[in-house]
Each structure stands twice: as structure tokens, then as C-alpha cells.
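In what follows, a single structure is set out as C-alpha cells and then discussed.
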Number of protein chains: 2
Amino acid sequence: MAAVTLKDVAERAGVSVKTVSNVVRNAPRVSEATRKRVLEAVHELGYRPNPSARRLRTGHSGLIGLAVPDLATPYFAELAQHVRAEAAHLGLTVLIEETMGDATEELRLATGVGASLLDGVILSPLGVSPDELAAVANEFPLVLLGERSYERDQVGADHVLIDNVAAARDATAHLAGLGRTWIAAIGVDQQASATSRQRLEGFQLALHEAGVTYDPRLAPAIKEFDRRNGLLAMRALAALPARVRPDAVFCFSDLLAVGAQRALFEAGLTIPDDVAVASIDGSDEALYSTPSLTSVVPDKTAIASLAVKCLAARIRSAEPLPFEVHTAPHWLHARESTNGGRQQLFG
Amino acid sequence: MAAVTLKDVAERAGVSVKTVSNVVRNAPRVSEATRKRVLEAVHELGYRPNPSARRLRTGHSGLIGLAVPDLATPYFAELAQHVRAEAAHLGLTVLIEETMGDATEELRLATGVGASLLDGVILSPLGVSPDELAAVANEFPLVLLGERSYERDQVGADHVLIDNVAAARDATAHLAGLGRTWIAAIGVDQQASATSRQRLEGFQLALHEAGVTYDPRLAPAIKEFDRRNGLLAMRALAALPARVRPDAVFCFSDLLAVGAQRALFEAGLTIPDDVAVASIDGSDEALYSTPSLTSVVPDKTAIASLAVKCLAARIRSAEPLPFEVHTAPHWLHARESTNGGRQQLFG
DNA sequence: TATCGCGGTTACAACGTTGGAACCAATCGA
DNA sequence: TCGATTGGTTCCAACGTTGTAACCGCGATA
């Protein structure tokens, strides 16, 4: 509690408060002699700058926020690690928040906590509308993660994303390439989120290109992108009459796929012989599941790096910058859930 | 950026800054008439208190930190959610930090960021020594999660934990109860962390009670509690000469068990017929894996609730409180990885 | 009528920090 | 030798908020 302040250090070093401030901020115009003396005092007393005071005075704190829907989703947890690493590289500290996809909470994080505590926020939006976010982005540094919710000419904020349509298309094409003709999709969202719509689009595109007809019965609507919904959806699909029962399924997230795998296991069906499974996310959980899950893995390092750099630039810049859209690469990792066999993991 | 301050609201409402402050803080001694007028102005202007200024003035901000080793570990991600929920209940906001088990980082979070930005910190320590933490706990509200690293009479901070020895003993006893006699343990830590030592103790205790001899070859040392180390350790165990190859394995965490399951799958061994698997954590990943994993699940709700309440009490109290140790309950969930069969999940 | 008490409000200072201007040598150019 | 320049340092004010004390009416009390 005995917080050490600049004043204490100043007295100890026999200089003014401002000089100490200059030293700790690495400002120029400080002689080597005094710098050394001050640093000694800093070290002896264990001085640490008070972020609140600093923020109050300067308007920025070196803290940025990362707001994701759900930390228990491996994809977001892994992404958070990459963002932290990239931010540390730039001398920024990341505070992580969880929105649970709640629109109010997402807005609060961008405006409320954010505007007066954090220098900027990286937000992975789920529930909040584009208009509301655009309004915020104009007055507070904000970078949106994941898919774009708008058309290109309506962009009202910085975006870092992967090409969702292409990613879904790649995964589906891979399934079709195995000769499967009854391909289901799990992840059509009841709320018709942008992610869901784009992945469905890629799914349909790939079907079309493979000459496979799209059957809406094989694309049931779900509530959330979690294991439970994947399990329930796959269970229903597996119970379809034999003539329409799918021989492959594309899940819009790894968690959905894990749930689907579980449903297939319970139903006594074999992966991939009876049903091949592919998904999107590239989480470690998918890699280690049995069988290991074919998944489209977004370049999380690139996403994190682009997002943090973009945010840092916006924070630094005084005048408003034009909004940017960055697209990160993704790759299909074909594994046992489509290829069959047993491979040795080394990762 | 156009931050609305108390001053703006005061002008709008035609009262002093202090009166507005009194209203927003729900202080007494404000007439209904002015209160109403002020709240109107607050609403019209969209005023939001500035946490930095508030923290600077009062010494507390309503923000608490949660520092865990690794967010990509399902157990910690799930715990974070519980902590957030409990804190929200008390009107506190949680900022999540990740230490990667780095001792320096753990200390920095407790003293550096913490002491001047947050009101208190809930820390799940991994690398930092008891002595260093005790020093911090005396001058800053700190609650330690997970296992106790000290003997009872040396406690230098508040603790919320489960009985690790009992938890490990329950899991191992369950394996022994299946008639298994070559029971391996995965999770003996090269750094001999407290968690690891206590779980090994429970493991040995259960073996002793079951009349099974403890063979150090069946308790290999590992580096981290992740999937990869579980995989590598199990692979080595499976390669042991037939006479000592284990017929059951107790993993010190769900991630280790997932890795172990993968290794068994690769080796063509069946769970639980050839090798039964049990672990500790009770994460959703364990529930959904194939076969579903028998795990000791700690009461995360209780852990989070106790930790947040304990921290809140310490923050509120001016004079130093005696340090407390709270133990949360845990239960064994026996599932397919020890029972065999195929059950229908509904969660 | 003078005093007290009290609900309601305001003025002032302070939290720890930093930007800006002022200040004080010492050195330089003319 | 004097004024100007430069490096190094200090003083002052301000960021938005709240604790303390003071203030102002008003009705109740003596």
C-alpha cells in the first residue's frame, strides 16, 4: 500500500519531481549523471509509475483491451495468446474481456471501460450491429476481428479477418473431393450472423462447383457454436432416413465438430468411413481429438499481429486515419477425420 | 474522444460538480428534485465516470485482476468465466491476465499493474515462490488460487483451493477399484510444483491403500501440463516391456489425459479395455472426448465465489485481516474412459 | 427573538503524473 | 565584453474525481 511516488524518488535523489518524470519516461535533456542518480533511487525505492495518474494526465495508458465472445472457446483463447505476445512486443499490456456475444456488453467495452481506461480495443463482435460499432469507431480506437459484417464500401472501422467464404469453400471442396455426395453443414446460425452467412455461402459455392445439390435438410439451424449444439445437430442428422443421411459434414467451428464427432461415436458410426468431418478453427483440441480433425486453420499469428499494429497506429495518430481491412491467410490441414488412418502427432 | 465530465453535467443541470458526483455515487444528502435533474443531464450527455480519475482520487477502481498461467488450458478458461460471473454479481469488473507460469510476470501482475490500477488480484501461481508472494500479500489484496504451496502455519496470503491429495487419491482409487494393478501417473513435474507433489502424494496413498506397489518407472517426469507432454509420456509408457506396461493411467490434468488418449489411439490400444484413463479438471473437453474421460471435477463455481468474496472483503477492509484458507469441494465423474460402453451425453 | 440543528449544497484541496514555460548556468560567436 | 544559444533543471497548472469543511436556509427549540 505504501505506494512510492515520483515525489519520494525526487527527495531521495535530490532533484525535482519533474526531472524524475523525465528520467522514467526516457525524455531527452537529462544529464548522464542525474539520470544515473535518479535510476538508482528508483531502483532502491522500487518505484512504479501509477497508470491511473498517467492516463489521467496524458490520455493514454499503454493498455489495450481484447474483447472476445467466449474464452472457453479454444480458438479465442489461442488468439488471445497471440495478441498478448504481439502487444508485448510493442510495449503494450493487454486486458482481456469476455462479452458472451452480448451486444450491450460489447458496446460497453468499446465505449465505457474502454474510453476512459484503455487506449484502444480489439473486439471480436458477435451480437452488436455494424451501425453501433461504426459510431464508436469514429471516436475511439477500435479494431474489429473476424469476419467483416459489412460490404466493403460501408466499412466504418478497421477490420482484420480471414476470407470466410474461401475457407468454407476449401473445407467443403476437400470433402467433395473424397467423392462424398451427401454433405451436411452444421453452423447455420438462427440469428444469421455474418460468420455463419459467409461460411454457408462458401459451402454452397463448393457444392455447386462439385456438382452436388444443396439440400436444406442437411444444413440445420443451431443456436451457438459450441460442442453441445454440434452434438445435437449431428445426432439429428444421423437419425435421418438412410437415403438422405449425410456421408460428410462440414462444421463451422472446431467445437461444433467435436460435438459432431461425439454424436457419431454414440451412434456407432465410423469417421471417416461412414461420415467424414471437416471444420474451421485449427485449434489444438481438434488436432488431438480422435480421430484428429481436418480443419481450416487461420493464421492466428498474422491476425494478432495485424490487429495490434493497426490499433497501435490508430492510437498514435492524432488525426483520423482511413479505415483499413486486412485479410489474413488460412490453410486446410487434412487429417484423419477425412483421410482415415492413424498418424503420429509430434506437435 | 469528446469525454463528458462531471463539469459538463454540472453545467447542464445547473448545480455544482460535487453535487453531480454525489448523485452518481448514490451518496445521501441529495434532494429528490436535484437528483432527478442531474440524472437527466447524465443520461442526455451520456456521462460515464472516468475510472482513472476515480482510482487516483479514492484509491480503488472497481477493477480486479485474474491472473492465470494459460488461457488455452480449458480449466483456466472455464474458471475465468466463473470468476467474471461472481465478480459481476458484486459490481466488480475483472481484467484477465496470462502469466505463462513465469515467476517475474506473476510478481509484476501482483505488484506492478495491480497495485496502481487494480483494487486486488486473484492469482493462480505456478512459478513464483511462496516468500515473494507473502511479501506482496501484506501490502496488496491478493488471493491465491489452486493448491496451497505452504504448510498451514506458513500461510502468508489468502488461499482458495481443493484438496489435491484427496482428489488424486479418489481418482486413483477408482482405477484400482476396477482391478487394475499396473497404474501409471502422468504429471510428475520436473520442477516439483506444489500441485504435482500433492497429486503424486494422493496417487501413492491410494496405491498403498489398494495394496498396489508404487513403481517409479510408471511415474515419468514431464515438463508441462499440456496435451503434448501427455502424448509423449503415454507413448513412452506404452512402449514399456509387456510385463510393466500399465493397464491404467492417472493424469494430473485433463490436457495430459487428452494427450494420453491420443497416444493410446495411435498405439492401437483400447480405452478402457487395455488401459483405463482418469484425470483431474472436469473440463468440457474431457466430457466430449471419445471415449469420454473420467475426471475429478473441482467445484469451479465455489472456487470462483470464494475467491472473489474473499478478495472483496480484503479490499473493503482498512485494517489487515487474518489470512484465510478456503477449500472447495470436488467430485469424481466416472465416465467411459474407465467404465467402458457408450453413453448418451445431454450436457 | 436569538440560537441551534440539520438537510442540502458548494468551495477547496488533493490524488500522481506530465506539458509548457520559465529559469539558470555555461558556452559560443561577434 | 556582451548578447544569444544551448543544455539542464525547476515551477506551475491541469487531467477528472471525491473527502473535508464550510456554507446557507429553514424550522424547531429555548
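On a predicted model such as this, the values are computed, not experimentally measured, just so you know. In what follows, every chain begins at residue 1, and chains take the letters A, B, ... in the order their sequences are listed.
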task: Carefully, step by step, assess R55(B) and D119(B) under the rule side-chain contact (heavy atoms from CB on, under 4.5 Å).
output: CA-CA 9 Å; R55(B) 161 84 200 180; D119(B) 294 346; 3.0 Å; yes
- prompt: After noting the C-alpha distance and the side-chain angles of T93(B) and E97(A), does the key distance pass the side-chain contact (heavy atoms from CB on, under 4.5 Å) rule?
  reply: CA-CA 9 Å; T93(B) 302; E97(A) 274 277 7; 3.2 Å; yes
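Backbone-only engagement by S31(A) is indicated by non-hydrogen atom pairs under 4.0 Å involving sugar-phosphate atoms exclusively. R29(B) comes within 4.0 angstrom of a base, heavy atoms only. Nucleic acid contact for T19(A): base, since at least one base atom lies under 4.0 Å from a heavy atom of the residue.
The minimum heavy-atom distance linking P69(A) with L126(A) is given by the pair CB-CD2, 3.9 Å.
For dT17(C), neither phosphate oxygen OP1 nor OP2 lies less than 4.0 angstrom from any side-chain nitrogen or oxygen of S21(A). Using a 4.0 Å cut-off, no side-chain N or O of R35(A) falls inside it from OP1 or OP2 of dG8(D). Contact annotation: R55(B) does not reach the phosphate of dC15(C) (side-chain N/O to OP1 or OP2, under 4.0 Å). Put simply, R57(B) has no side-chain N or O that comes within less than 4.0 Å of OP1 or OP2 on dA14(C).
For the helix from dT1(C)-dA30(D) to dA30(C)-dT1(D), the end axes, each set by the C1' atoms of five terminal pairs, are bent relative to each other by 60° (nearest 10°).
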Could you pull out the protein-nucleic contacts involving nucleotides 22-24 of chain C (nitrogen or oxygen on both sides, under 3.5 Å)?
none

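For K18(B) against dG19(D), a side-chain-to-base donor-acceptor contact under 3.5 Å is present.
When each of dG16(D), dT9(D), dT18(D) is scored by its nearest atom to the side-chain atoms of V30(A), the top-ranked nucleotide is dT9(D).
Positionally, the nearest nucleotide of DNA chain C for T34(B) lies more toward the 5' end than for the other of L56(B) and T34(B). Comparing S16(B) and T58(B) by the nucleotide of DNA chain C that holds the closest heavy atom to each, the one mapping nearer the 5' end is S16(B).
For K300(B), the salt bridge (Lys or Arg N to Asp or Glu O under 4.0 Å) test picks out E78(B), with sequence neighbours left out.
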